[in-house]
Amino acid sequence: MEKMYNPKVIEKKWQKIWDDEKSFAATDDYSKPKFYALVEFPYPSGQGLHVGHPRPYTALDIVARKRRMQGYNVLYPMGWDAFGLPTENYAIKNKIHPKIVTANNVKRFKEQLHSLGYSFDWDREINTTDPEYYHWTQWIFLKLFNAGLAYKKEMPINWCTSCKVGLANEEVVNGVCERCGSEVVRKVKSQWMLKITDYAEKLIEGLDEVDYIEKVKVSQKNWIGRSQGAEVDFKLKDKDEKLTVYTTRPDTLFGATYMVVSPEHPLIDKYKDEITNWDDITAYREMASKKSDFERTELAKEKTGVVLGGISAVNPVNGKEIPIWISDYVLMSYGTGAIMAVPAHDERDWEFAKKFGLPIIEVVAGGENVQEAAFTDVATGKLVNSEFLNGLEVKEAKAKIIEYLEEKGIGHSKVNYKLRDWVFSRQRYWGEPIPIVKCEKCGYVPLSEKDLPLLLPEVESYMPTDDGESPLAAMTDWVNTTCPCCGGPAKRETDTMPQWAGSSWYFLRYTDPKNTKELASKEALKYWLPVDWYNGGMEHTTLHLLYSRFWHRFLYDNGIVPTKEPYQKRTSHGMILGENGEKMSKSRGNVVNPDDIVNEFGADTLRTYEMFIGAFDLSASWSQEGVKGCRRFLERVWKLQDIMTDEDSYSKEMETKMHQTIKKVSYDFENLKFNTAIAAMMSLINDFYKAGKVTRGEFKTLITLLNPVAPHMTEELWETMNYGGRLYEAKWPEYDEAKTVESTIEIAVQINGKTKVTMDIDKDMAKDDVIAKAKEALGDKLSGNVVKEIYVPGRIVNIVAK
RNA sequence: GCGGAUGUGGUGGAAUUGGCAGACACGCUAGAUUUAGGUUCUAGUGUCCCCGACGUGCAGGUUCAAGUCCUGUCAUCCGCACCA
């Protein structure tokens, strides 16, 4: 043997060569076919790389390397989503500038990624905290502001009473602050909002033209939560006032026996003087507002409420007087903040009516007794007790009642979404400054584009202030400025953007990362977009993925990007769990550090193992024994050198297997079936060992197929074998379909579906001959009358006998 | 409660269209090499009442044939939480 397999030496050697030769740089030759592969850029945390990171990175690295060998101009970039809370908290605790913390973390992450031999184009590295980068994040914000899609609104934030700081929802665990365990209350603050709801319909429609895995599409649609219904006006009795409700069941209008408004509904205050039980109302509202979200959901089972004394409403279709209640099961933030309650056909209304003894009137027949349970099935059932709707099916009744309401001018059809506008402010230091000033005369005024980037100033302390303002608020020199519009005194916005901002457009920047004039050139965007394949975690399906689709669609509508959708294809990887099947965490003591695996076994082994561990989209438990098995496989590939012959062709015995393997590996790599691709290569080398030899030509194909998975080792073997040039520049092997099938095949012979014997036949043998041969092979196992003879070519013979 | 998955040997997992269930790997058993351990190699390894039958969470069904299709059901995991 030439020498032992020594990954420590080999891996360093090739990583250096790839760097020096810039082997994986995407070219600006726009005449070549392109392939843009993208993985979610990491948040460079202080913990360093986790074994979960390499799973998606290796997967798309495999596809990227394969596509390069197939002649594509491949863009496979990497960068840092580096703004964010943990860095800021670390900076506060250790009194180190977040910039320095970030730089250190990035350095560590980069070394770790580098040690895994990824074919990233490091010339295009980006960092969201780089002013050259956030210049354009701010620029997009200005575009949104100028288009009327950014606005300020009073919004409750999560306020930790001990840390005196606003928390993100993710930091509130079971109603208390994640870090200190103190109570979290709501505090109302004026916040920047982005009108993503204006794009709800476009974000749903856009899903039709992309190739996302189904569960991602379903999650996005559910998150947007489109519902088709109607708004109906109810008159208040003896008043010139209407109360508008939203309902998806206008067909049940005759069954509306009461109304419910949310405790925050403005109508309540308006009729304060006429409400006879104002004290009860106040007490209830007080209680509702104090409940945290956590309590509200905890107590979700039991309905509460108070009737509004002294005022009532009139059901517009039958003129009946009905009471109005307030209850926190009606949310001010959805629909109109008021509902018509139809207890016979809605479970929540039914529960409420039962508790408070309100009438339940059946208007859709077909279920059980509505006094016992609500009947909510819309597919069956016909209208009753509903005058002109009687006898109609639900669907017909909906259409007819809407027509009626529109005619009378008391209602119309209406679409609602669960999606809320995006809260875009954070009272934090380590984020992009929002490029807006507030002028007493002109209101909120955007900076002009030429004043970007608006740099994050140096501050003394990163600690938010006592009143919940960002640390920037204490920087009076920076805050006090002049209005770009009138030149008068103005104050800068001191909130910063959320971490989602920088990641909402980063894939655009990779196409032209050093451009100082635009976020990227038109030519670069036109050539590279859309991203051909984007892989990321399911946890980003509803926030990051939706936010970035929103920004992208907005940029498309404004002629800045050439495609409606940013990502053509979206796939998702499963989590890597600890040996015990639980999520890896320090407290569970089951964390595996990728550095240790690289040191002990090598990067190629880690890559192979993570791809072999199981189906890519499912979670998988770590197994150190499994890692050893993959190292063993690579050793066996290495040692094939000992039994190599110098023929350049495939040997006769191995030809079919070679073509089958090329076909399988090529297909599997493109379909995220890395585990079976690797299994096929393992099976191939088992055959080489059984045969006691491998030809030079067979070995060449094998290491080419294996190269995307184990790039260092195969590149070394390529050089040792003198195949010429570099393996990463070699051509991807091709197969001949005709040669993937053996001329003689083994098929199973069954009687009544049970396999009795197997036999070898010529693959083109005619059905009658196969049957005859099968009967002969069965001999006296076959008894009774043959009823039917089935031959599935190349697969099976089944004789049905009685 | 709603939505999405998943359920196959001792373990991780294979099985395009329904067509030989358990590929590949781990582990285990026996043997060879080795002073010994490890490594490496060879053979074996679903279960049982072992010339035969039974086996893909459970119960039915369709079919010549079901892990795969249909109906019902159970368990586990993840996401969302009164969205009218």
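All chains are named by letter (A, B, ...) in the order of the sequence lines, taking the proteins before the strands, and each is independently numbered beginning at 1. These values consider heavy atoms only, across backbone and side chains, with no hydrogens, waters or symmetry-generated copies.
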J.: Nearest to the A:L618 side chain among B:G19, B:C80, B:U6, which nucleotide is it?
T.: B:U6
J.: Mind running side-chain contact (heavy atoms from CB on, under 4.5 Å) on A:D687 and A:M654 for me, showing each step along the way?
T.: CA-CA 8 Å; A:D687 284 4; A:M654 290 303 297; 3.8 Å; yes
J.: Is A:R631 paired with A:E635 through a side-chain N to carboxylate O contact shorter than 4.0 Å?
T.: yes
J.: Could you check whether A:T758 gets within reach of a base, just the sugar-phosphate, or nothing at all, counting any heavy atom under 4.0 Å?
T.: base
J.: Polar atoms only, N or O, under 3.5 Å: list the protein pairs with nucleotides 27-29 of chain B and their distances.
T.:
from  : atom 1 : to     : atom 2 : distance (Å)
B:G27 : OP1    : A:E625 : OE1    : 2.7

J.: State whether a side-chain donor-acceptor pair under 3.5 Å links A:Y329 with A:D349.
T.: yes
J.: Just by distance, with hydrogens left out, do A:S572 and A:D617 show a side-chain donor and acceptor under 3.5 Å apart?
T.: no
J.: Among A:F633, A:F601, A:W622, find the residue that satisfies the ring pair (Phe, Tyr, Trp, His ring centres under 6.0 Å) test when tested with A:Y609.
T.: A:W622
J.: Please determine if a side-chain N or O atom of A:Y334 lies less than 4.0 Å away from the OP1 or OP2 oxygen of B:A84.
T.: yes
J.: Can you measure A:E347 atom CD to B:C82 atom C1' for me and round it to whole angstrom units?
T.: 11 Å
J.: Ignoring hydrogens and angles, does a donor from either the side chain of A:E746 or the base of B:C20 sit under 3.5 Å from an acceptor on the other?
T.: yes
J.: Would you kindly say whether A:N416 and A:S227 are connected by a side-chain donor-acceptor distance under 3.5 Å?
T.: no
J.: Just the rounded figure in Å: distance from P of B:U39 to CZ of A:F601.
T.: 11 Å
J.: Counting side-chain heavy atoms from CB outward, which of B:A84, B:C20, B:A15 is closest to A:T755?
T.: B:C20
J.: Rounding to the closest angstrom, what is the interatomic distance between B:G31 and B:A25 at atom P?
T.: 23 Å
J.: Find the distance A:I685:CD1 to B:C41:C1' and express it as a whole number of Å.
T.: 14 Å
J.: Output the rounded distance in Å from CD (A:E789) to C1' (B:C64).
T.: 12 Å
J.: Give the nucleotide from the list B:A25, B:C20, B:G3 with an atom nearest to the side chain of A:N222.
T.: B:G3
J.: Return the orientation label for the A:F674 and A:F669 ring planes: parallel under 30°, perpendicular over 60°, tilted otherwise.
T.: tilted
J.: Could you check whether A:K673 gets within reach of a base, just the sugar-phosphate, or nothing at all, counting any heavy atom under 4.0 Å?
T.: sugar-phosphate
J.: Sort out the partner of B:U68 for me: Watson-Crick or G-U wobble, both distances under 3.5 Å, none otherwise.
T.: none
J.: Side chain of A:N798 only, heavy atoms from C-beta on: which candidate in B:C82, B:G3, B:C64 is closest?
T.: B:C64
J.: Cut-off 3.5 Å, side chains only: do A:T744 and A:D760 have a donor facing an acceptor?
T.: no
J.: Do you see a donor-acceptor pair shorter than 3.5 Å between the side chains of A:S262 and A:E264?
T.: yes
J.: Classify the nucleic acid contact of A:A615 as base, sugar-phosphate or nothing, counting any heavy atom under 4.0 Å across all strands shown.
T.: sugar-phosphate
J.: Nearest whole angstrom, please: distance from the P of B:A23 to the CG of A:N675.
T.: 14 Å
J.: Considering only the P atoms, how many Å lie between B:G67 and B:G55, rounded to the nearest integer?
T.: 10 Å
J.: In terms of the nearest nucleotide of RNA chain B, which residue is placed more toward the 5' end: A:G337 or A:K215?
T.: A:K215
J.: Nearest to the side chain of A:R795 - B:C20, B:U17, B:G4?
T.: B:U17
J.: Using the 3.5 Å cut-off, write out each protein N or O paired with an N or O of nucleotides 49-57 of chain B and the distance between them.
T.:
none

J.: Report the residue (A:R249 or A:C630) whose heavy-atom-nearest nucleotide on RNA chain B is the more 5′ of the two.
T.: A:C630
J.: Pick base, sugar-phosphate or nothing for A:S227, based on heavy-atom distances below 4.0 Å to the nucleic acid.
T.: sugar-phosphate
J.: To the nearest Å, give me how far apart CD1 (A:I790) and C1' (B:G18) are.
T.: 12 Å
J.: Taking atom P in both B:G38 and B:A32, what distance in whole Å separates the two?
T.: 15 Å
J.: How about A:K657 and A:S683: does a side-chain donor come under 3.5 Å of a side-chain acceptor?
T.: yes
J.: Under a 3.5 Å cut-off for both contacts, is B:G44 paired Watson-Crick or G-U wobble with anything, and if yes, with which nucleotide?
T.: B:C28
J.: How far, in whole Å, is B:C78 from B:U29 if one measures between their P atoms?
T.: 36 Å
J.: Which protein N or O atoms sit under 3.5 Å from an N or O of nucleotides 70-72 of chain B?
T.:
none

J.: Distance check, P atoms only: B:C50 and B:C58, in whole angstrom units.
T.: 24 Å
J.: Categorize A:R631 for me: base, sugar-phosphate, or nothing, with a 4.0 angstrom heavy-atom threshold over every strand shown.
T.: nothing
J.: Using the side-chain heavy atoms of A:N686, tell me which of these nucleotides is nearest: B:C80, B:C24, B:C64.
T.: B:C24
J.: So, do A:W350 and A:F375 have ring centers that fall under 6.0 Å from each other?
T.: no
J.: Roughly how far apart, to the nearest Å, are B:G72 and B:C82 at atom P?
T.: 28 Å
J.: Rounded to whole Å, how long is the line connecting atom CG of A:L419 with atom P of B:A81?
T.: 13 Å
J.: Under 4.0 Å, counting only non-hydrogen atoms across every strand here, what does A:F612 touch: a base, just sugar-phosphate, or nothing?
T.: base
J.: Given B:G3, B:C82, B:G12, which nucleotide is nearest the side-chain atoms of A:L331?
T.: B:C82
J.: What interatomic distance, in whole Å, is found between P of B:G46 and the corresponding atom of B:U39?
T.: 23 Å
J.: Return no unless some side-chain N or O of A:R636 is found under 4.0 Å from OP1 or OP2 of B:U40.
T.: no
J.: Of the candidate nucleotides B:C20, B:A84, B:G4, which contains the atom at the shortest distance from the side chain of A:V218?
T.: B:G4
J.: Any strand counts, and the cut-off is 3.5 Å on both contacts for Watson-Crick or G-U wobble. Which nucleotide pairs with B:G3?
T.: B:C78
J.: Quick check on A:K242: does its NZ atom have over 12 non-hydrogen neighbours (other residues, nucleotides or ligands) under 6.0 Å away?
T.: no
J.: For A:W223 and A:Y417, run ring-ring contact (aromatic ring centres under 6.0 Å, His included): C-alpha distance rounded to whole Å, both residues' side-chain angles, the deciding distance at 0.1 Å, then the answer.
T.: CA-CA 9 Å; A:W223 190 260; A:Y417 304 92; over 10 Å; no
J.: Taking any heavy-atom pair under 4.0 Å as a contact, classify A:Y417: base, sugar-phosphate, or nothing.
T.: nothing
J.: Measure from NZ or CZ of A:K303 to the centre of the six-membered ring of A:F352, then state whether that distance is under 6.0 Å and the direction lies within 45° of the axis.
T.: no
J.: Over 60° means perpendicular and under 30° means parallel, so tell me whether A:W325 and A:Y258 are parallel, tilted or perpendicular.
T.: perpendicular
J.: Give me the atom names and distance for the closest heavy-atom approach of A:I751 to A:N798.
T.: C-OD1, 3.8 Å
J.: Quantified in whole Å, what is the P atom distance between nucleotide B:C70 and nucleotide B:C24?
T.: 31 Å
J.: Mind checking A:I613 for me? I need base, sugar-phosphate or nothing, with any heavy atom below 4.0 Å counting as a touch.
T.: sugar-phosphate
J.: Write down the distance between CD (A:E600) and C1' (B:U39), rounded to a whole number of angstrom.
T.: 14 Å
J.: Quick check for you: among B:C80, B:G4, B:C82, whose closest atom lies nearest to any side-chain atom of A:W223?
T.: B:C80
